[in-house]
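See structure below.
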Amino acid sequence: MSNSFLIRTEKLYKKYPMGPTVLVALDNINITINKGEFVGLVGPSGSGKTTLLNIIGSLDSPTEGSAEVLGNKIETLSHQDAAKLRNNHIGFIFQTFNLLPVYTVYENVEFPLLLQDIPPAKRIELVMQALEWVGLADRKDSKPSQLSGGQSQRVAIARAVVKKPELILADEPTANLDAKNSHNIMETMVKLNEELDTTFIFATHDEKVMKYLKRKITLNDGYVQRDENISLNNQ
Amino acid sequence: MLKFLFKGLVRDRSRSLFPILTVFIGVALTVFLYSYLNGFVSDMIKSSAHYNSGHVRIMTKAYSQESNQSPNDLAIIGIDPLIQNVEKSYPDMIWTPRIKFGGLIDIPDRNGETRIQGPVSGMAVDLFSKESRERKFLNLDESLVKGRIPEKPNEILIADDFARRLKVAPGDTATLLSSTMYGSMVMTNFVIAGTIRFGIAALDRGAIITDISDIQKSLDMNNAAGEILGFFKDDNFDSKKAYRIRDSFNEKYKNSEDEFAPIMGALPEESGLSDYMGLIDIASFVIIGIFIFAMAIVLWNAGLMGSLRRYGEMGVRLAVGEEKGHIYRTLILESIMIGIVGSFLGTLFGLIPSYLMEIYGLDLSFLFEKSSVMITGVLHADVTYETYLIGFIPGILATVLGTSIAGIGIYKRETAQLFKELEA
């Protein structure tokens with residue numbers, strides 16, 4: 001295996017003590033994800049999708065085994081280093097958008113850049129670029145409450161891509177959207193994946209998302225049941 | 001980041017309005033109470049200085065030991081050279097002699113027989129010299145109720161309440177029965193020129209004021225006075241300067257065994273004010289402490305409510321990679337902004353009643369009718385430079401304290417739960 005991988009997990013376990021027993025949320029996960037992939041973690045509720053996403057996103061650490069993300073061993077990262085990794089290299093998209101309600105679209109997208117101390121002129125350029133990618137440059141002064149669900153999720157995508165991260169993690173990004181908006185969102189993310197070569201990992205069980213995936217990792221009871229590359233012909 | 005936080009505070013009223021209101025109320029009260037206490041001290045100092053002991057006071061050593069009894073047999077003799085001397089040595093001060101005396105005042109009827117008598121406490125001051133500031137120090141012109149200020153020898157002013165009790169009016173004759181410096185009994189006739197209200201219960205009960213030359217003549221105190229008072233020219237008491245002058249004056253006479261040698265005392269020790277001033281300093285600290293504590297409790301709760309309301313926001317910020325310490329610091333920064341705005345507004349609104357009370361005063365003289373303390377019955381506030389700043393101490397401290405306790409919760413957030421929490 002070359003060094004081009006972005007994420008690699010080896011013998012990864014996540015266990016939770018539940019009284020006298022132990023709940024195994026992730027069971028010997030061994031996967032490698034390369035730069036520019038468009039991957040879906042699929043499976044029923046409780047299969048371990050979000051737990052794996054948490055570990056890849058440095059929000060949690062494994063109980064056993066190793067998870068290497070962008071050259072960082074997640075199990076050895078301090079809280080501060082994990083925050084730095086997320087701040088500099090990982091974007092997050094949530095099911096419920098989680099925009100900051102008192103700030104405008106522009107300010108919501110700008111927020112991750114403020115944490116990176118990027119100079120104002122550069123911030124303006126990056127924010128406007130991100131808003132143009134998601135087609136919301138003309139709504140930059142709107143408040144989240146003035147946006148539709150689809151528009152809100154596009155702002156959330158702009159917030160995730162504005163710092164041009166290598167990796168974007170999305171947990172059920174279309175769960176709160178209708179079919180048309182889900183389609184638009186997925187189209188936007190495919191476009192960003194292709195244009196920016198950003199790696200996307202989704203946790204989803206939404207059929208509307210499945211058809212856009214280029215690789216599908218199916219989890220069941222915490223272990224990888226199937227890991228399949230989906231050819232363009234199948235889409 | 002600062003601008004970003006400020007925008008959030010301005011736009012999200014529930015984040016800023018309640019805390020600002022809390023700080024505003026606390027600070028306004030602190031400012032008002034502080035200026036009221038300042039005014040109280042300032043009034044007490046002024047009253048004591050003007051009516052009793054000056055900013056510094058020269059007496060004989062023997063007189064100083066019984067000064068509360070005004071023992072004129074122990075008065076300073078040869079005051080003119082002494083005054084010239086201190087005027088030269090301490091040119092920042094105004095020096096003025098006074099004689100306090102006691103006695104009986106006798107009001108005759110048409111036939112010259114005693115109609116009514118009453119004990120009197122008198123003060124002889126320099127009323128006639130052009131350069132004298134006694135009229136101003138004793139606030140005589142403003143305190144005049146009936147008649148006029150004495151213009152010629154053997155005229156007196158009498159406390160208005162006392163005059164009513166004695167049923168006398170300006171133009172009536174009053175005879176003072178007292179004793180001379182050498183212990184002989186003396187009777188002197190005076191004409192009542194006017195009645196005055198001092199606003200100090202102890203004086204309004206039975207005081208008279210007369211020119212010092214009349215009393216010197218009457219009590220056989222030629223070129224003598226019980227006390228020589230020194231006042232700073234701007235009439236503002238400066239304790240450090242006063243103590244310096246006292247020490248330098250007393251140094252000259254420290255080896256004298258003569259009980260009639262002069263000795264100087266400074267206002268706080270002369271009037272027993274130092275204890276009051278210490279108590280009031282403590283009271284100021286207590287008031288500020290109470291406001292800090294009460295506001296911090298309220299703001300702590302406001303911070304807890306705010307952190308519940310902003311749970312999602314904090315989650316997103318943690319997820320995008322903001323460190324917990326950074327979030328905590330931004331919360332503190334927000335609280336400082338709230339503290340500054342609340343303190344500014346509170347100071348502004350606290351100053352309004354303070355200024356009104358400084359100018360117009362609050363007449364509570366009915367509470368002091370039986371008081372023997374030299375304190376004016378009209379309470380004034382005193383707005384000083386410190387008053388503009390004092391509110392910022394509890395204002396900012398309380399917000400920072402409240403937020404720093406409430407904000408600890410951020411360290412308890414589990415990032416592993418963020419996806420679940422943010423999707424709830």
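Naming: A, B, ... by sequence-line order, numbering from 1 per chain.
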Within a reach of under 6.0 Å around [atom1] of [X], are more than 12 heavy atoms found that belong to other residues, nucleotides or ligands?
X: F344(B); atom1: CZ; result: no
X: F4(B); atom1: CZ; result: yes
X: Y16(A); atom1: OH; result: yes
X: W300(B); atom1: CH2; result: no
X: Y13(A); atom1: OH; result: yes

| query | Taking Y103(A) for the side chain and K7(B) for the main chain, is one N or O donor matched with an acceptor at less than 3.5 Å? | reply | no
| said: Working note: E313(B) + V102(A), criterion side-chain contact (heavy atoms from CB on, under 4.5 Å); need CA distance, chi angles, decisive distance, verdict. | reply: CA-CA 10 Å; E313(B) 177 195 330; V102(A) 297; 5.9 Å; no
| remark: Which of R86(A), K84(A), H79(A) passes side-chain contact (heavy atoms from CB on, under 4.5 Å) with E323(B)? It is K84(A)
| query | In a check of side-chain contact (heavy atoms from CB on, under 4.5 Å) between L114(A) and each of E322(B), K3(B), M1(B), which one passes? | reply |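 Exactly one option meets the side-chain contact (heavy atoms from CB on, under 4.5 Å) with L114(A), and it is M1(B).
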| query | Is it the backbone or the side chain of K14(A) that comes under 4.5 Å from a heavy atom of chain B, or both, or neither? | reply |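 For K14(A), neither part sits under 4.5 Å from chain B.
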| message | Under 4.5 Å from any heavy atom of chain A, what part of R15(B) do you find: side chain, backbone, both or neither? | response |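 For R15(B), the side chain is the part near chain A, not the backbone.
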| field | Top of L169(A), D117(A), L100(A) for chain B proximity - count of heavy-atom pairs under 4.5 angstrom | value | L100(A)
| message | Are the side chains of T104(A) and R11(B) in contact, using a 4.5 Å heavy-atom criterion? | response | yes
